[in-house]
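Note that this is a predicted model, so its numbers are computed, not measured. If you read the sequence from its start, that first residue is 1, and numbering goes on from there.
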Amino acid sequence: MKKLIFALIASTLSVFSVNALPNPNGNDSITTDSITKEAEPVKASLDAIQVQISSAIDKMDEVKIMFGDDIDKLNVKIAIFTIFLTIAGLVIAFISYKFTKLGYEASKRTADNVMRASLNVLEGQFNDLIRHLYRNLVCTLAFSQKILESASDETEEEEKKIGQYPSEEHLLKLKILSEDALHLEKYNNDPEIYQKMHELKLLFRNYDVEIDTTLMHLKNRNMKLDEVKNDLDTLVYKPLHLIEAIRSITGKIMAQKNGGKDYDASRNAASIMTREHISKVDDWTKTRGGLGAYTDLAKIVPPFIEEKGEREKEEKPIPKPYDGLRRSRNRLFDNAKVTTLSYEHDIFTSEDKDKDKDKDYQNQIDKICGIIHETGDFKNNILKQYDFKKYFLTMLSIDVTIELEKIHMIDIK
């Protein structure tokens with residue numbers, strides 16, 4: 001009887017040892033429901049053990065009647081052996097627990113490091129997307145200006161047609177490879193971020209479709225100018241619209257990386273676009289390129305009105321394709337907290353200053369503004385403290401003027 005009791009005790013201890021191991025899924029939270037759920041199989045085992053003990057007691061009494069007192073000596077030896085096995089089982093269970101815990105902690109550290117590395121990569125990808133989209137806006141405005149200049153001279157506006165379209169490469173380079181840029185599977189545990197990432201992916205897909213549609217329409221000799229303007233207006237609208245979508249999601253993602261600290265996604269986006277402008281001006285100087293016909297977007301697009309209600313009441317749509325720029329500019333600025341960029345921190349890094357890039361840019365702007373006289377106010381302020389909202393359209397106009405010389409147009413036959 002003692003043998004059986006010790007064996008049953010060992011079994012019970014083994015059950016509790018197994019249930020003492022940490023949750024392999026990493027969820028160590030304990031609630032009343034979880035304890036009750038975990039205790040159910042143990043309770044069932046104890047009930048079964050009670051039945052077996054009752055049955056064993058009856059059988060042991062019968063065996064003792066048959067064999068006499070010798071059975072007690074045998075029971076003592078078996079009991080000692082059973083106790084030894086039980087202690088060995090407890091030691092093994094404890095060692096297993098320690099190794100499981102150490103493995104879990106190591107796995108968690110690895111997972112955290114991988115997530116931080118993934119966020120670093122994602123931050124770089126988002127920053128490059130903002131740079132790419134700003135270049136897209138510059139290129140789209142440049143070939144739109146070329147297309148408008150190629151329109152026929154019919155008196156009636158609705159009868160006008162375009163005479164040239166930009167080479168296919170200019171439009172195809174606008175596309176975004178969203179599968180490479182977005183990794184939704186990394187945010188399965190954050191429904192809000194996952195949803196925003198999914199929405200952004202759909203926006204990128206739609207943008208690529210709109211690029212293909214515009215290219216098809218531009219090459220159609222039967223398309224009217226008004227119809228083409230609608231397509232161009234959509235393409236002009238999308239870059240800043242997509243930058244705003246990226247801005248709205250990077251704040252949440254980067255808060256994860258920085259342990260919940262705020263991340264100024266608006267300032268980051270404004271800095272990236274400004275630095276891309278500086279890079280474009282620098283390339284223009286190095287290649288000794290020319291300048292196209294300057295179109296002052298700051299005069300075409302009305303100044304931004306901070307009060308949204310007042311703006312909606314006072315601001316009217318402007319001719320396409322520039323209305324797309326007006327609408328997307330308003331959307332970006334409504335959510336952008338940044339008003340001024342630091343010349344020494346947001347625009348140029350310490351490394352840039354060591355290489356005199358700030359002085360090179362000043363000389364380049366002096367040269368451009370000497371040719372384009374409408375940019376004098378921009379020159380006097382950009383090199384001190386850059387008011388992004390105030391001078392964004394002038395910066396954009398300069399970049400479009402530089403890009404015009406790079407646009408290759410094809411006659412529609």
Quiz item: Quick one: which of R135, K280, H277 gives a side chain to side chain donor-acceptor pair (under 3.5 Å) with D399?
Solution: H277
Quiz prompt | Chi angles and distances behind the salt bridge (charged side-chain N to carboxylate O under 4.0 Å, His left out) call for D226, K320 | solution = CA-CA 9 Å; D226 283 345; K320 295 180 178 180; over 6 Å; no
Self-check item: Main-chain N/O of V236 paired to T140 side chain as donor or acceptor, under 3.5 Å
Solution: no
Quiz prompt | Set of side chain to side chain contact (heavy atoms under 4.5 Å, CB included) partners for K224, sequence neighbours left out | solution = E159, K161, E227
Exercise. Tell me, please, which residues at least two apart from H217 pass side-chain hydrogen bond (donor to acceptor under 3.5 Å, both in side chains).
Key: D231
Self-check item: Results of ring pair (Phe, Tyr, Trp, His ring centres under 6.0 Å) for Y237 - residues two or more places apart only
Solution: H241
Quiz item: Taking C-beta and beyond as the side chain, do I272 and Y134 meet within less than 4.5 Å on heavy atoms?
Solution: no
Quiz prompt | side-chain contact (heavy atoms from CB on, under 4.5 Å) assessment of L215 paired with L172 | solution = CA-CA 9 Å; L215 180 58; L172 295 177; 4.3 Å; yes
Quiz item: K201 and M197: side-chain contact (heavy atoms from CB on, under 4.5 Å), yes or no, with the steps?
Solution: CA-CA 6 Å; K201 204 165 191 174; M197 293 281 278; over 6 Å; no
Self-check item: Nearest-0.5 Å distance that lies between atom CD1 in I249 and atom CD in Q195
Solution: 10.0 Å
Quiz item: Do N330 and F304 have side chains that get closer than 4.5 Å, going by heavy atoms?
Solution: yes
Practice problem: Would you check if M273 and L240 make a side-chain contact, meaning some heavy-atom pair closer than 4.5 Å? | Solution: yes
Quiz item: In Å, rounded to the nearest 0.5 Å, how long is the span from CD1 of I305 to CD of E314?
Solution: 6.5 Å
Exercise. Find out whether L325 and L137 are in side-chain contact, i.e. whether some heavy atom of one side chain is under 4.5 Å from a heavy atom of the other.
Key: yes
Quiz item: Closest approach of A265 and R247, non-hydrogen atoms and distance?
Solution: CB-O, 3.4 Å
Practice problem: Check the angle between the aromatic planes of F392 and F388 and answer parallel, tilted or perpendicular using the 30° and 60° thresholds. | Solution: tilted
Practice problem: Specify the closest pair of heavy atoms between A245 and L203, including all atoms of both residues, with the distance to one decimal. | Solution: CB-CD1, 4.0 Å
Practice problem: Please list, chain by chain and in numerical order, all residues satisfying side-chain hydrogen bond (donor to acceptor under 3.5 Å, both in side chains) with R329, sequence neighbours excluded. | Solution: none
Practice problem: Kindly indicate, with the supporting measurements, whether the criterion side-chain contact (heavy atoms from CB on, under 4.5 Å) is fulfilled by S271 and L341. | Solution: CA-CA 7 Å; S271 297; L341 295 176; 3.8 Å; yes
Quiz item: Is the backbone N or O of L174 less than 3.5 Å from a side-chain atom of N136, with the two atoms forming a donor-acceptor pair by type?
Solution: yes
Quiz item: Under 4.0 Å between a Lys/Arg side-chain N and an Asp/Glu carboxylate O for K229 and D233?
Solution: no
Quiz item: Roughly how far, to the nearest 0.5 Å, is NZ of K359 from CD of Q364?
Solution: 14.0 Å
Quiz item: Is any side-chain heavy atom of C139 closer than 4.5 Å to a side-chain heavy atom of I407?
Solution: yes
Quiz item: Hey, is R267 close enough to D264 for a salt bridge, meaning N to O under 4.0 Å?
Solution: yes
Exercise. Run the salt-bridge test on R131 and D128 with the 4.0 Å N-O cut-off and return the result as yes or no.
Key: yes
Quiz item: Closest approach of I372 and L291, non-hydrogen atoms and distance?
Solution: CD1-CD1, 4.2 Å
Practice problem: Would you please name every residue forming a side chain to side chain contact (heavy atoms under 4.5 Å, CB included) with E192, sequence neighbours left out? | Solution: D190, K196, K252
Self-check item: Closest non-hydrogen atom pair between L200 and L242, with its separation
Solution: CD1-O, 4.5 Å
Quiz item: Any sub-3.5 Å donor-acceptor pair from Q145's side-chain atoms to A293's backbone N or O?
Solution: yes
Exercise. Let me see the working for Y361 and D352 under side-chain hydrogen bond (donor to acceptor under 3.5 Å, both in side chains), right down to the final yes or no.
Key: CA-CA 11 Å; Y361 176 65; D352 291 334; over 6 Å; no
Quiz item: Nearest 0.5 Å, what's the OG-CG distance between S144 and L232?
Solution: 4.0 Å
Self-check item: Heavy-atom check, side chain of E123 versus side chain of T250, under 4.5 Å
Solution: no
Quiz item: CD1 of I410 to OG of S150: how many Å apart, nearest 0.5 Å?
Solution: 12.0 Å
Quiz prompt | Nearest atoms (heavy-atom pairs only) where T394 meets A298 | solution = OG1-CB, 4.2 Å
Quiz item: Do the non-hydrogen side-chain atoms of L404 and F143 ever get within less than 4.5 Å of each other?
Solution: no
Practice problem: Flag the pair L133 / I246 as yes when at least one side-chain heavy-atom distance between them is below 4.5 Å, and no otherwise. | Solution: yes
Quiz item: Is it true that K389 and E306 have a side-chain N and a carboxylate O under 4.0 angstrom from each other?
Solution: yes
Quiz item: Ion pair present between D360 and K355, side-chain N to carboxylate O less than 4.0 angstrom?
Solution: no
Exercise. Work out which heavy atom in I243 is nearest to a heavy atom in A269; give both atom names and the distance.
Key: CG2-CB, 4.2 Å
Exercise. Kindly determine whether D334 and R311 satisfy salt bridge (charged side-chain N to carboxylate O under 4.0 Å, His left out), including the steps that lead there.
Key: CA-CA 11 Å; D334 273 339; R311 179 177 357 108; 2.5 Å; yes
Can you give me every donor-acceptor pair (side chain of residues 164-171, partner residue at least two apart or in another chain, under 3.5 Å) with its distance?
residue : atom : partner : partner atom : Å
Q164    : NE2  : D411    : OD1          : 2.8
E168    : OE2  : K219    : NZ           : 2.9
H170    : NE2  : H408    : N            : 2.9

Quiz prompt | CD1 on I95 to CG on L90, rounded to 0.5 Å | solution = 11.0 Å
Exercise. Run the numbers on I147 and M409 for side-chain contact (heavy atoms from CB on, under 4.5 Å), then give the verdict.
Key: CA-CA 8 Å; I147 290 171; M409 302 295 289; 3.9 Å; yes
Quiz item: Ignoring hydrogens and geometry, is there a side-chain-to-backbone donor-acceptor pair from W284 to I402 under 3.5 Å?
Solution: no
Quiz item: Taking atom types as modelled, is there a side-chain donor on T234 or E210 under 3.5 Å from an acceptor on the other?
Solution: no
